[in-house]
Amino acid sequence: MRLLSFWISHRVELAGMVERHLFLVAVSTLVAAAIGLPAGIVAAHRPRIGRPLLAVASVAQTIPSLALLGFLLPVPFIGGIGPRIAVVALILYALLPIIRSTAAGLTSIDPALNCCSRTSSAP
């Protein structure tokens with residue numbers, strides 16, 4: 001019951017923090033999608049470029065979050081404690097699932113159904 005009373009007594013602060021959190025997640029998701037969807041399309045259509053692209057995204061995914069924040073702290077224009085570093089870390093973590101899912105989805109399409117395929121027999 002003490003936790004609930006704490007939340008009620010600090011509801012303005014809590015609402016502000018929830019709003020900030022949702023904003024950071026929305027911004028990072030939009031940026032990750034803007035980067036990851038084209039990268040996934042490239043990965044699906046150009047495997048020679050796609051394999052290294054997925055490898056780089058996989059490496060970023062394997063770094064623990066605290067270590068990633070530590071690596072990003074000294075980077076100019078990103079580093080320092082604050083929302084910028086959080087957004088960059090969230091973007092890096094979101095890239096692998098977006099790129100991999102986009103590439104997998106596009107490569108699983110039957111070439112006979114793809115109107116723009118090079119193997120299409122359309123005149």
Exam field: side chain [X] to backbone [Y], donor-acceptor pair closer than 3.5 Å:
X: Arg11; Y: Ile8; answer: yes
X: Ser28; Y: Val25; answer: yes
X: Tyr93; Y: Ala60; answer: no

What is the minimum heavy-atom distance between [X] and [Y], and which atoms define it?
X: Pro38; Y: Ile35; result: CD-O, 3.5 Å
X: Ala89; Y: Leu69; result: CB-CD2, 4.0 Å
X: Ala43; Y: Leu53; result: CB-CD2, 4.5 Å

Practice item. Indicate yes or no: at least one non-hydrogen side-chain atom of Pro83 is less than 4.5 angstrom from one of Arg20. Key: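 Counting from C-beta outward, Pro83 and Arg20 never come under 4.5 Å.
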
Exercise for review: Decide yes or no for Leu24 and His21: does some side-chain heavy atom of the first lie under 4.5 Å from some side-chain heavy atom of the second?
Suggested key: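 A side-chain contact is absent here, since even the closest heavy-atom pair is not under 4.5 Å.
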
Exercise for review: From the options Val27, Ile78, Val31, Thr29, select the one residue that forms a side chain to side chain contact (heavy atoms under 4.5 Å, CB included) with Val87.
Suggested key: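 Result for side chain to side chain contact (heavy atoms under 4.5 Å, CB included) with Val87: Val27.
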
Practice item. Please determine which of Leu90, Leu92, Ile85 meets the side chain to side chain contact (heavy atoms under 4.5 Å, CB included) test together with Val88. Key: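 When Leu90, Leu92, Ile85 are each tested with Val88, the side chain to side chain contact (heavy atoms under 4.5 Å, CB included) holds only for Leu92.
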
Point to revise | Heavy-atom neighbours of Leu66 CG exceed 12 at 6.0 Å | key: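 Incorrect, the count does not exceed 12.
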
Exercise for review: Give a yes or no on this: more than 12 heavy atoms of other residues, nucleotides or ligands lie within 6.0 Å of atom CD1 of Ile81.
Suggested key: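 No, because the 6.0 Å sphere around CD1 of Ile81 holds 12 heavy atoms or fewer from other groups.
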
